[in-house]
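Report on one structure; see the data block that follows.
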Amino acid sequence: KLLAAGIDDIAIYIPKLFVDARDFAQARGMDPDKLQRGLGVSKMAIVDTNQDPACMAANACLRIMERNKLSPKDVGRLYVATESSLDESKAMNSYVIGMLEQVYGADSFGHCGGIECKFACVSGSYALYDNTNWIRAGEAEGKYAIVVVSDIAKYDLGSSGEYTQGAGAVAMLLNDTPRLMTFDPKVTSTSIKNEYDFYRPFGKETPIVNGQYSNLLYMIQVKKALMAYKEKAISTGIIKLREGETILDYIDFINMHLPYSNMGKKALTYLLRHEWRSLPRWKGIVDKMGMQEPIPKDPRGTIESILADEEFMQKDHEFTKRFTMTEEFQEAYDSKLASSLIASSMVGNLYTASLYMGFRSCLEFEFQKGTDLEAKRFGFGSYGSGSSAMVFSGVIMPTYKEIVKNMNLEAEIGNRRKVSLEEYEQIHESKLSPTQNILEGKKEFVLIGVGSSPELRGQRK
Ligand code: CAA
C-alpha cells in the first residue's frame, strides 16, 4: 500500500533588489504597457553582487527548517532543482548543505541524500515527484524531504528575454502527513521531445532563446501531458466525467509555469480552447464571438510552419483576444487562475521556482479573499524548455490554514530597494565584485567570493 505524500510547508527567498518595469521600458524605448499589460511584468527581482542561486536556496531552506524547528536529523533528502548551475559536476545541494552546516554543525547532514536536478524550468517538478514517491514507498521512515527550486533568470541586455527576468528560491517540505496538500497518486503525466526553444550551452551565462517558438511549444507540450493526465485521472477514478464536462471543470485551481505573469493566461486560453471545442458549450461561445475557430482539428504541421503562417497567426490572435473577453473564459480565469499570477508580476521570472511561487501566490491571495480551500483540487502545468512538460494534481488538506494564515509575500521579501538602470546593468554585466554589494544582508547566506576554497562560498552574515 502506498503512503500519502505531499507538501507540508513552503518557504521563499526573494532578493530585495528590483528593476521597475516602467524605468526599464523607458530606458529601452518601449511602451510600458507592453510590459505591464502585455506580459504582466511590474517588477523584476534581481540578485545583489553577493548573491547566487546556492545562497538563495540555502536561505529558503534555512527558513523552512527554522520555522518548523527541524534539525538535520529530521531531513532524509535535500534536492535542489535549478537551471543556474554553478558547476558541471558538483551538485548545488552540496553547497547548500555546506552553508546549512555552518548553522547546524559539521557533518550534521551526513546521513542525508540528494542531487541537483536539471531540465530547464520543469526539473523542480521531477524532483518533487521523485521525492513524493520516496515517501509513498515508505523509504523515508518518518523523515522529511526538502526540495528547493532556485534560479536567476538572466537574458542578454537588449534582448527580448530581458523583460522576463527575475530571481528567487522556493523550498518545499514534503512528508507523509502534509498539512498543506496531498498529491494525487498515479496521475502524474509527462511529455518530452528534443527541442531547441531555449538552451544555455556550456560556459555561456545567458540562454539562446527562440521566444515565440518557446511560447507555443510550452502550450503544446503541456496540452499533451494534460491529455495523458486526463486518461489517468479517469482510469484511477479520482475524476468522473459526465457528458458535456471537461477535466478542467474538476480542477478547482490551475497553477502554470510562469516565465511571466501573462503566460499563465495564455496557457489557460490554449488549454480551454482545446478542451471545450468538442463540448456542446463551445458552439454557444463561438457564436457569441462572431468568428470561427481558426485551428483545424487535424495536425497543423511544424511549430515553425505555424508561426510562419501570418494569416493564421493573425486570425488566431484575434480569436484568442475575443475568447478571453467572453464571460465563460473570464469566469474560469478569475476563479481558477488569477490569484496565482499576482506574485509573478511582483518578482518576475524564477525559472524552476515560478510554478511554485504561483502556487504560493494562489494560497495567500485566495486565503485573503476568504475562499475556503479545504479539499479543493489544484492542477499543476509545469514546463521546461528543451523540452518536457509535467501535469499533476493535489488536494488541499483541512490543516492548510495553519500554514497559509502566516503567508505574506511583501513581509517575507522584506523592504525592497529599486535599482537604477545603471546599477542594474553593472550587476547584470558583473562589473561589481561580491564585496561591492548594494544591500547589507541580515543573517543571510551571502557569497564572499568564487573559488574552490570552502571558506569562499556562502558565508552567513
Ligand atoms: N500594450 C499592451 N500590450 C502589448 C503592447 C502594448 N503596447 N505591445 C505588445 N503587447 C502584447 C502583445 O500583443 C503580446 O500579447 P499576447 O501574448 O497576448 O499576444 C504581449 O504583449 C507580448 O508581446 P510580444 O509577443 O510581441 O513580445 P516579444 O516577442 O517582444 O517577447 C517573449 C515576448 C517571447 C515572451 C520574450 O520576452 C522572450 O523571448 N522571453 C524569454 C523566453 C520565454 O519566456 N518563453 C516563454 C515560454 S518558454 C519557458 O517558459 C521556459 C522559460 O522559463 C524560459
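What you see is a predicted model, and the numbers here were worked out from it, not measured in a lab. Read the numbers this way: they start at 1 and go in the same order the structure lists the ligands and their atoms.
- Here the closest heavy-atom approach between residue Ser150 and residue Pro53 is recorded as OG-O, 2.7 Å.
- Using a 4.0 Å heavy-atom cutoff, Ala120 is absent from the residues neighbouring ligand 1.
- Each of the atoms 51 (C), 52 (C), 53 (O) of ligand 1 lies under 4.0 Å from some heavy atom of Cys121.
- A cation-pi geometry, defined here as NZ or CZ lying under 6.0 Å from the six-membered ring centre and within 45° of its normal, holds between Lys265 and Tyr333.
- The only member of Lys288, Arg281, Arg273 that meets salt bridge (charged side-chain N to carboxylate O under 4.0 Å, His left out) when paired with Glu328 is Lys288.
- The shortest N/O to N/O separation between Ser214 and ligand 1 falls below 3.5 Å.
- Of all the atoms in ligand 1, the ones that sit under 4.0 Å from a non-hydrogen atom of Tyr218 are 50 (O).
- Regarding atom 36 (C) of ligand 1, its nearest protein heavy-atom neighbour is Ser160 O, 3.2 Å.
- Counting protein heavy atoms only, atom 44 (O) of ligand 1 is closest to Pro259 CB, 3.5 Å.
- Those atoms of ligand 1 that come under 4.0 Å of a heavy atom in Gly161, given as number and element, are 38 (C), 40 (N), 41 (C).
- Proximity to Tyr155 (heavy-atom distance under 4.0 Å) selects the following atoms of ligand 1: 41 (C), 42 (C), 54 (C).
- The option with the heavy atom closest to atom 41 (C) of ligand 1, from among Thr324, Thr164, Leu216, is Thr164.
- With no hydrogens or angles considered, no side-chain donor-acceptor pair links Thr82 and Ser85 at under 3.5 Å.
- The closest side-chain heavy-atom distance from Arg179 to Asp9 is below 4.5 Å.
- Relative to the six-membered ring of Phe18, Lys418 misses at least one condition, a distance below 6.0 Å or an angle of at most 45° to the axis.
- When hydrogens are left out, the protein atom nearest atom 42 (C) of ligand 1 is Val209 CG1, 3.6 Å; that is the closest non-hydrogen contact.
- Using a 4.0 Å cut-off to heavy atoms of Tyr163, the atoms of ligand 1 that qualify are 28 (P), 30 (O), 31 (O), 37 (O).
- Near Gly211, the atoms of ligand 1 lying under 4.0 angstrom from a non-hydrogen atom of the residue are 34 (C), 39 (O).
- Taking atom 35 (C) of ligand 1 as the reference point, the nearest protein heavy-atom neighbour is Tyr260 CE2, 3.3 Å.
- Not a single protein heavy atom sits closer than 4.0 Å to atom 12 (C) of ligand 1.
- Considering backbone and side-chain atoms alike, Ser385 places every N or O at 3.5 Å or more from each N or O of ligand 1.
- Atom 17 (O) of ligand 1 has Lys266 NZ, 2.6 Å as its closest protein atom, hydrogens excluded (heavy atom only).
- Within ligand 1, the atoms closer than 4.0 Å to a non-hydrogen atom of His257 are 49 (C), 50 (O), 51 (C), 52 (C), 53 (O), numbered from 1 in the order shown.
- Leu421 is listed as a side-chain neighbour of Val19, based on a closest heavy-atom distance under 4.5 Å.
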Pair up each side-chain donor or acceptor in residues 30-40 with any protein partner under 3.5 Å, not counting sequence neighbours, and list the distances.
residue : atom : partner : partner atom : Å
Asp31   : OD1  : Asp33   : N            : 2.9
Gln36   : OE1  : Arg22   : NE           : 3.3
Gln36   : OE1  : Arg22   : NH2          : 3.0

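- Each of the atoms 22 (C) of ligand 1 lies under 4.0 Å from some heavy atom of Leu39.
- In terms of protein heavy-atom proximity, atom 20 (C) of ligand 1 is nearest to Gly38 O, 3.5 Å.
- Put simply, the side chain of Arg277 does not reach to within 4.5 Å of the side chain of Leu272, judged on heavy atoms.
- Atom CE of Met263 sits about 11.5 Å away from atom OG1 of Thr164, to the nearest 0.5 Å.
- Atom 32 (C) of ligand 1 is never approached by the protein to below 4.0 angstrom, counting heavy atoms only.
- In terms of protein heavy-atom proximity, atom 27 (O) of ligand 1 is closest to Lys34 NZ, 3.3 Å.
- Contact detail for Ala54 and Leu86: the closest heavy-atom pair is CB-CD1, 3.7 Å.
- Looking at Asp197 next to ligand 1, no N or O pair under 3.5 Å apart turns up.
- Using a 4.5 Å cut-off on side-chain heavy atoms (C-beta onward), Asp197 and Tyr218 make no contact.
- Residues Val148 and Cys61 come closest through the heavy atom pair CG2-SG, 3.9 Å.
- Some N or O of Asp31 is nearer than 3.5 Å to an N or O of ligand 1, by distance alone.
- Of all protein heavy atoms, the one closest to atom 2 (C) of ligand 1 is Asp33 O, 3.5 Å.
- In the model, Tyr424 has a side-chain atom that pairs as donor or acceptor with a side-chain atom of Gln165 under 3.5 Å.
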